[in-house]
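The block underneath contains the structure these notes are about, expressed in structure tokens.
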Amino acid sequence: MNNDEPRSDVMIYEGQVENVIRDKVFVKIEGERIVVATISGKIRQSGIRILPGDVVRIEISVYDPTKGRVVYRLKA
């Protein structure tokens, strides 16, 4: 699979970080829905900090829409 192709088993959303507790990030998407997300390995390796109020892009599994993974921090 090429890295440029989107995966078929995940949905990509953008949302605002509501709260961060250790390695769990609570992201508000679609106005009111809250998703619990973890931080991807590339973001951890780069030392990028995720703070409340940040706008992030998350991948949510189609099998469990309450959990996701933060894959990108947008410039806000």
**Report entry** Check: Arg44 side chain, Ile39 main-chain N or O, donor-acceptor pair, under 3.5 Å
**Finding:** yes
Query raised in the report: Shared ILVMFWY cluster between Tyr13 and Leu74, side chains joined below 4.5 angstrom?
Result: no
Query raised in the report: Does any N or O in the side chain of Ser61 come within less than 3.5 Å of the main-chain N or O of Tyr63, such that one atom is a donor and the other an acceptor?
Result: yes
Requested in this report: For residues Phe26 and Val36, determine if any side-chain heavy atom of one lies less than 4.5 Å from a side-chain heavy atom of the other.
Outcome: yes
Requested in this report: Locate the shortest heavy-atom distance separating Ile50 from Val20; write the atom from each residue and the value.
Outcome: O-CG2, 3.6 Å
Query raised in the report: What's the shortest heavy-atom distance between Ser40 and Val71, and which atoms?
Result: OG-CA, 4.1 Å
Query raised in the report: Which heavy-atom pair separates Gly15 from Ile29 by the least distance, and what is that distance?
Result: CA-CG2, 3.9 Å
Query raised in the report: Do Gln16 and Pro52 come within less than 4.5 Å of each other through their side chains, counting heavy atoms only?
Result: no
Query raised in the report: Looking only at heavy atoms, which two atoms of Asp64 and Thr66 are closest? And how far apart?
Result: OD1-OG1, 2.8 Å
Query raised in the report: In Å and rounded to the nearest 0.5 Å, what is the CZ to CD1 distance from Arg69 to Ile58?
Result: 11.0 Å
Query raised in the report: What is the minimum heavy-atom distance between Val62 and Met11, and which atoms define it?
Result: CG1-CG, 3.9 Å
Query raised in the report: Is there a path of hydrophobic side-chain contacts, each under 4.5 Å between heavy atoms of I, L, V, M, F, W or Y residues, that connects Val17 with Ile48?
Result: yes
Report task. Report yes if the side chains of Val56 and Glu14 come closer than 4.5 Å at any heavy-atom pair, otherwise no. Result -> no
Report summary line: d(Thr38 OG1, Lys24 NZ) to nearest 0.5 Å is 6.0 Å
Requested in this report: Looking only at non-hydrogen atoms, find the nearest pair between Tyr72 and Ile43 and report the distance.
Outcome: N-CD1, 3.7 Å
Requested in this report: Could you give me the CA-CA distance, side-chain angles and deciding distance for Ile60 and Lys67, then say whether side-chain contact (heavy atoms from CB on, under 4.5 Å) is met?
Outcome: CA-CA 6 Å; Ile60 300 175; Lys67 296 179 183 171; over 6 Å; no
